[in-house]
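What follows is a single structure, written as structure tokens, with notes after it.
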Amino acid sequence: MLTPVQDMKWLQNINCIFHCPKKLLPFTNPFTFTRQLTLPSFPPNPETLKVLCSNGQLTEALLLMAIIGFGMKFEGYDTLLNACVTRKAIREGQRVHAHLIKTGYHPPVYLRTRLIVFYNKCECLKDARQMLDEMCERNVVSWTAMISAYSQRGYCSEALSLFVQMLRSDTQPNDFTFASVLTSCTGASGFGLGSQIHSLIIKSKFESHIYVGSSLLDMYAKAGKIHEARRVFECLPERDVVSCTAIISGFAQLGLDEEALKLFRKLQVEGMSSNYVTYASLLTALSGLAALDHGKQVHSHVLRCKVPSYVVLQNSLIDMYSKCGSLVYARRVFDNMAERTAISWNAMLVGYSKHGMGNEVLELFKLMREENKVKPNSVTYLAVLSGCSHGGMEDRGLEIFDEMLYCKDGVELEIEHYGCIVDLLGRAGRVEEAFKFIKKMPFEPTAAIWGSLLGACRVHSNVDIGEFVGQRLLEIEPDNAGNYVILCNIYASAGRWEDVKILRELMNQKAMTKEPGRSWIELDQTLHTFHASDRSHPRREEVFTKVRELSVKFKEAGYVPELSCVLHDVDEEQKEKILLGHSEKLAMTFGLIATPEGTSIRIMKNLRICIDCHNFAKFVSKVYGRKVSLRDKNRFHHIVGGTCSCGDYW
DNA sequence: TTAGGGTTAG
């Protein structure tokens with residue numbers, strides 16, 4: 001134990017090395033210094049530095065560095081920098097760097113590289129780059145440390161250009177370099193470079209390296225080249241949790257949810273080990289499938305096996321529960337979190353928003369601001385604005401948008417936020433206002449924004465604006481069949497059958513292909529999927545007979561088939577037949593047959609639900625007293641007693 | 001001394 005420093009020599013030494021001891025030391029005047037220093041040995045020796053660093057006594061270690069002064073050697077600096085990296089001690093690391101300069105010590109490449117790593121860890125990328133630039137001699141490790149720093153912080157183009165610079169300097173990349181640089185090969189240009197880097201990897205014989213391979217397959221998956229990703233995965237001589245997770249998450253991120261689930265099961269049988277990232281990726285796939293039973297099973301497995309409840313995993317659980325329609329469970333996970341990130345709040349807000357629960361969105365947003373631990377970001381505002389829109393709270397939504405105009409919370413307005421307002425105005429029936437709003441936007445309207453207004457024109461029967469917007473959309477997206485359908489609905493509701501006919505002919509000429517509609521229902525952990533006029537389900541005959549029966553029954557109760565939903569140029573009887581074959585009707589009918597009376601029917605659809613199926617669902621709920629929960633591409637529809645939570649607007 | 005997979009929105 002060293003009581004208040006009285007040894008003046010120490011302090012003189014310190015002052016000689018640091019011109020500004022005030023900043024470094026916890027005292028301003030040697031005579032007023034009262035802090036007790038705990039040194040493991042006295043008088044201190046170079047070994048003491050190691051002990052201090054491993055104890056986390058960085059203040060003491062820096063003091064000792066000052067005492068040692070010009071006598072500091074490689075090992076001492078290495079020990080100190082190591083401790084600063086581990087503890088992300090920015091000021092202390094900077095002091096070590098300053099000391100190094102002041103004493104005129106010329107650090108070897110090794111120490112300079114350590115400084116790059118230190119500055120990266122402290123998120124001071126400019127300082128890290130300066131270290132690299134000032135190096136006369138660089139080796140593969142120093143290049144890689146900087147490339148990896150850029151990659152980790154998302155500076156992809158900087159990472160790639162540094163990699164090219166490295167190759168030009170005739171430095172051979174190693175496995176670390178490849179694994180790092182590949183994570184920067186994202187986006188349109190990234191994939192081209194990524195493929196070239198792949199060739200280089202093959203040439204350098206690193207293709208079978210597990211870190212390089214994982215990074216490589218992830219690069220392909222993120223570029224949407226899932227077959228290439230799978231090929232790289234299959235060629236790996238060994239697999240570990242990261243490579244397995246990378247390929248599962250690759251499928252899930254591309255929306256290939258069933259494939260992701262299948263692969264997870266297969267790899268599990270083959271002995272794959274899983275961790276919280278694997279489960280988070282699996283939950284993404286289950287959210288897409290709205291497979292609640294599976295999701296619950298994963299949740300209980302995670303709890304049973306005591307997988308650490310990292311925020312990422314909990315965020316995935318919130319998302320899974322809300323996308324499966326179980327907001328109560330989602331909120332329970334959210335409320336029990338020890339720590340929340342912006343993603344946790346956003347996932348919960350998006351959940352409420354998609355269920356049209358505007359009040360809950362606003363209350364949670366208020367809580368987020370009151371707690372003031374996590375700042376709202378761009379996604380938070382998207383969720384809140386869209387929550388106001390779906391929840392029918394347009395005035396509050398407009399107020400929040402106005403706040404954004406003044407850059408509240410430092411979130412900049414993006415085109416998607418403007419899109420939310422178009423949706424909000426349109427939904428509220430303020431179609432002309434929405435149209436004027438689009439014209440005044442500081443962005444060029446996208447197809448999504450016009451599409452949103454077109455939907456409003458359909459619901460609020462505004463033929464004039466609808467026609468203008470529809471024609472505009474047909475120019476921008478000539479191959480999107482959905483736009484033709486909505487415009488046809490608008491013309492049909494105005495009795496403009498000649499225009500409906502012209503549109504149909506146009507569609508036939510173009511031989512348009514529409515993404516096939518698909519609906520599914522989960523029963524006892526099994527997903528039953530139906531396509532339009534599906535003949536593949538084992539109980540298809542039963543389903544088809546029943547759906548025809550329902551049609552007759554519902555007609556007696558007032559159901560009128562919405563024939564304008566069918567664009568094929570066929571007679572009315574045929575149109576009715578096509579409508580009855582819609583996948584969501586088949587899934588609903590199957591639900592009605594296969595689940596006990598009085599229980600809810602939960603259906604998922606990959607596209608937006610059509611008007612006719614929406615009507616049909618209302619009759620299912622009214623005639624059979626069943627609650628129908630229908631998740632389409634846009635939102636949830638909770639249909640009870642013939643009324644839908646979406647207010648017939650989606 | 002340097003490395004790979006992850007959660008919200010679109």
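Just so we're on the same page: letters track the sequence lines, and every chain starts at 1. Quantities reported herein were computed from a predicted structural model and do not represent experimental measurements. Below, all heavy atoms of this structure are taken into account, side chains as well, without hydrogens, waters or symmetry copies.
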- Are the side chain of Asp240(A) and the backbone of Ser243(A) linked by a donor-acceptor contact shorter than 3.5 Å? yes
- May I ask you to decide if Tyr352(A)'s main-chain N or O and His355(A)'s side chain share a donor-acceptor pair within less than 3.5 Å? no
Can you tell me whether the side chain of [X] and the base of [N] have a donor-acceptor pair closer than 3.5 Å?
X         : N      : value
Ser215(A) : dG4(B) : no
Tyr276(A) : dG6(B) : yes
Asn275(A) : dG5(B) : yes

What is the distance, to the nearest angstrom, from the [atom1] atom on [X] to the [atom2] atom on [N]?
X         : N       : atom1 : atom2 : value
Tyr279(A) : dG5(B)  : OH    : P     : 20 Å
Leu216(A) : dA3(B)  : CG    : P     : 18 Å
Met135(A) : dT2(B)  : CE    : P     : 13 Å
Phe176(A) : dT2(B)  : CZ    : P     : 7 Å
Tyr310(A) : dT8(B)  : OH    : P     : 20 Å
Leu282(A) : dT7(B)  : CG    : P     : 12 Å
Phe178(A) : dG4(B)  : CZ    : P     : 15 Å
Ile343(A) : dG10(B) : CD1   : P     : 14 Å

- Tyr150(A) and Arg129(A) side chains, donor-acceptor separation under 3.5 Å: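 Per modelled atom types, Arg129(A) and Tyr150(A) side chains form a pair under 3.5 Å.
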Measure from the side-chain heavy atoms of [X] and tell me the nearest of [options].
X         : options                : answer
Val141(A) : dG4(B), dT1(B), dT7(B) : dT1(B)
Ser281(A) : dT8(B), dG6(B), dA9(B) : dG6(B)
Lys323(A) : dA3(B), dT1(B), dA9(B) : dA9(B)
Thr144(A) : dT8(B), dG6(B), dT2(B) : dT2(B)
Tyr211(A) : dT1(B), dT2(B), dA3(B) : dA3(B)

- Message: Ring-plane angle category for Tyr220(A) and Phe191(A), please: parallel below 30°, perpendicular beyond 60°, tilted otherwise.
- Response: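 Ring orientation, 0 to 90° scale: perpendicular.
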- Item | Worked check of salt bridge (charged side-chain N to carboxylate O under 4.0 Å, His left out) between Arg369(A) and Glu403(A) | CA-CA 14 Å; Arg369(A) 278 178 157 168; Glu403(A) 287 171 12; 3.4 Å; yes
- Residues of residues 108-117 of chain A with any non-hydrogen atom less than 4.0 angstrom from an atom of DNA chain B: list those, numerically ordered, please. Tyr110(A), Thr113(A), Arg114(A), Val117(A)
Ignoring backbone atoms, test whether [X] places a side-chain nitrogen or oxygen under 4.0 Å from the OP1 or OP2 oxygen of [N].
X         : N       : value
Ser249(A) : dG6(B)  : yes
Lys633(A) : dG10(B) : no
Gln253(A) : dG5(B)  : no
Thr177(A) : dT2(B)  : no
Gln152(A) : dT2(B)  : no

Just to be sure I understand the rule, does [X] reach a base, reach only the sugar-phosphate, or reach nothing, if contact means heavy atoms closer than 4.0 Å?
X         : value
Asp78(A)  : nothing
Val181(A) : nothing
Ile248(A) : nothing
Ser243(A) : base
Thr284(A) : sugar-phosphate
Asn174(A) : base

- Message: Between Phe437(A) and Phe401(A), is the ring centroid distance below 6.0 Å?
- Response: yes
- Message: With a sphere of 6.0 Å drawn around NZ of Lys266(A), does it hold more than 12 non-hydrogen atoms of other residues, nucleotides or ligands?
- Response: yes
- Flag yes if more than 12 heavy atoms outside Glu234(A) fall under 6.0 Å of its CD atom; otherwise flag no. yes
- Task: Could you tell me whether Glu75(A) and Lys50(A) have a side-chain N and a carboxylate O separated by less than 4.0 Å?
- Result: no
